[in-house]
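In what follows, chains carry the letters A, B, and so on, assigned in the order in which the sequence lines appear, proteins first and then strands, with residues in each chain numbered from 1. What's counted below: heavy atoms across the whole structure, side chains too, no hydrogens, waters or symmetry copies.
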2 protein chains.
Amino acid sequence: MQSYTEENYLKVIYHLSEISNPVQTNAIAERIQTKAASVTDMIKKLSEKELVNYVKYQGVTLTEKGKLTAINIVRKHRLWEVFLVDKLNFKWDEVHEVAEELEHIQSSLLIERLDEFLEFPKVDPHGDPIPDQHGNFAELAFVKLSKLSPSEKGTITGVSEHSSAFLKHLEKLGLTLGKRIEVLEVIEFDGSVALDVEQQKINISREVAKHILISKY
Amino acid sequence: MQSYTEENYLKVIYHLSEISNPVQTNAIAERIQTKAASVTDMIKKLSEKELVNYVKYQGVTLTEKGKLTAINIVRKHRLWEVFLVDKLNFKWDEVHEVAEELEHIQSSLLIERLDEFLEFPKVDPHGDPIPDQHGNFAELAFVKLSKLSPSEKGTITGVSEHSSAFLKHLEKLGLTLGKRIEVLEVIEFDGSVALDVEQQKINISREVAKHILISKY
DNA sequence: TTATTATTTTAGACAAATCTAAAAATTTTA
DNA sequence: TAAAATTTTTAGATTTGTCTAAAATAATAA
Ligand SMILES: [Mn+2]
Ligand SMILES: [Mn+2]
Ligand SMILES: [Mn+2]
Ligand SMILES: [Mn+2]
């Protein structure tokens, strides 16, 4: 069994792996709000436990065992987020902190029953996919809004940034999950995007567009 | 804010206070499955934080602040137990361990919303009362089954022992919450009790009778 | 390709929570 | 009330996760 702290490290390494592999010590330190020296210590420990492959000065990758462990934590995190929003009426920008704690509760019976109670949701309130108990994700066809060209249409199905500031901003703009959008123009100067959302013309920065996930159909 | 460990100590001291006040070091050690020396260390720390009053060699009592903190943890524990039984179909002997973890989740919004979602339950699955957010308990008139005399009648409304072994034993005997019982005889030799439960005559030990709570009406 | 800069690791220290063994205080027994 | 038994505390060590400061390695620039 892993400690609360080890689990947080594994999850962070898992998420960072999607950006760069192997994952660098400093990247982990920044995410986990700690010092590089502490990360090195923990990496050695996880390596001992065969949860990561570690080469000095090169960085870490998750082993199969480490990856499964990480995905299981992600599963729990996202299921709890669904519970908070669907059953307890939390807003999508209020759930992250609490789920960060709930994801560490150790009971597979609990999580399977929760999954059932929520009627086996496929995505969390931010549109992120929820893996099944074997660690498999249902394939979802996403594309970043920042990758679309003028006249392309689609539906907002997720976000890749979960800060309250970002989510509140989206809400204010009316850019919530399920909304149909069409790209009207991509401004050359700063990469910002003009959109049509329900007959309204809206402008968003490239930074914002990069974190909105669109499914085209 | 208190650590996970400090919270567990406060809760144990709270429960033991109902039996003997002040609470002895050894009693805490036994409950928390640790050594007396560790308890002394923790007591000093809680005393520093003004959560307990501590006199060397005499034992501890909770301060008002400590008591409120403890009751709040009890509140969370019992609400989560209701959730597990009512919503996730756990059996009453399966919930304790999980609630022992869930009670430490730090979010007052979460717990108030959970209370609402569960429709403000007054008792947990073991018949224990759930305090409100100010730490007040609704008065419940309980008496231990071991205190009843022959021909007295009542309804099983709680238990004061939560081990799986005990709860399974009760279940096997058909002694579950809500059942009407009548005391037929109290055996002088060993204090064991003969009961009538739904036209069935049942014998239970004094030890078992002490942990069954009856409301008379 | 050497020097500079950035990244990572080591060394040594610290706080939290625990332990064992021994000393001190209290309670019980005789 | 003095001796014995029990309970509690202290002293010192250990484990986990963290830190700062300094050394080692790798990447980048001149
Ligand atoms: Mn977490
Ligand atoms: Mn999410
Ligand atoms: Mn607990
Ligand atoms: Mn209970």
Between [X] and [N], is there a side-chain N or O to OP1/OP2 distance below 4.0 Å?
X     : N      : answer
A/T34 : D/dC19 : yes
A/Y54 : C/dT9  : yes
A/Q24 : C/dT8  : yes
A/K56 : D/dA26 : no

Rounded distance (Å) that lies between atom [atom2] of [N] and atom [atom1] of [X]:
X     : N      : atom1 : atom2 : answer
A/Y9  : D/dT18 : OH    : C1'   : 8 Å
A/D41 : D/dT16 : CG    : P     : 12 Å
A/E48 : D/dT16 : CD    : P     : 11 Å
A/M42 : D/dC19 : CE    : P     : 11 Å
B/K44 : C/dA15 : NZ    : P     : 16 Å
A/N26 : C/dA6  : CG    : C1'   : 9 Å
B/Q58 : C/dA24 : CD    : C1'   : 14 Å
A/I28 : C/dT7  : CD1   : C1'   : 13 Å

For [X] and [Y], indicate whether the former's side chain and the latter's backbone hold a donor-acceptor pair under 3.5 Å.
X      : Y      : answer
B/E94  : B/K91  : yes
B/E161 : B/F166 : no
A/E112 : A/L109 : no

Legend entry - Sugar-phosphate, base or nothing in reach of A/T40, heavy atoms under 4.0 Å: base
Inset, instruction - Determine the contact category for A/T25: base if any of its heavy atoms lies under 4.0 Å from a base atom, sugar-phosphate if only primed atoms, P, OP1 or OP2 are that close, otherwise nothing. - result: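 The residue A/T25 makes sugar-phosphate contact but no base contact.
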Inset, instruction - Please tell me which of A/K35 and A/Y57 maps to the more 5' nucleotide of DNA chain D, matching each residue to the nucleotide holding its nearest heavy atom. - result: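 Upstream on the strand: A/K35.
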Legend entry - Euclidean distance, A/D128 CG relative to A/F137 CZ, rounded to 0.5 Å: 9.0 Å
Legend entry - Intermediate values then yes/no, side-chain contact (heavy atoms from CB on, under 4.5 Å), A/V183 and A/L195: CA-CA 5 Å; A/V183 173; A/L195 295 176; 4.0 Å; yes
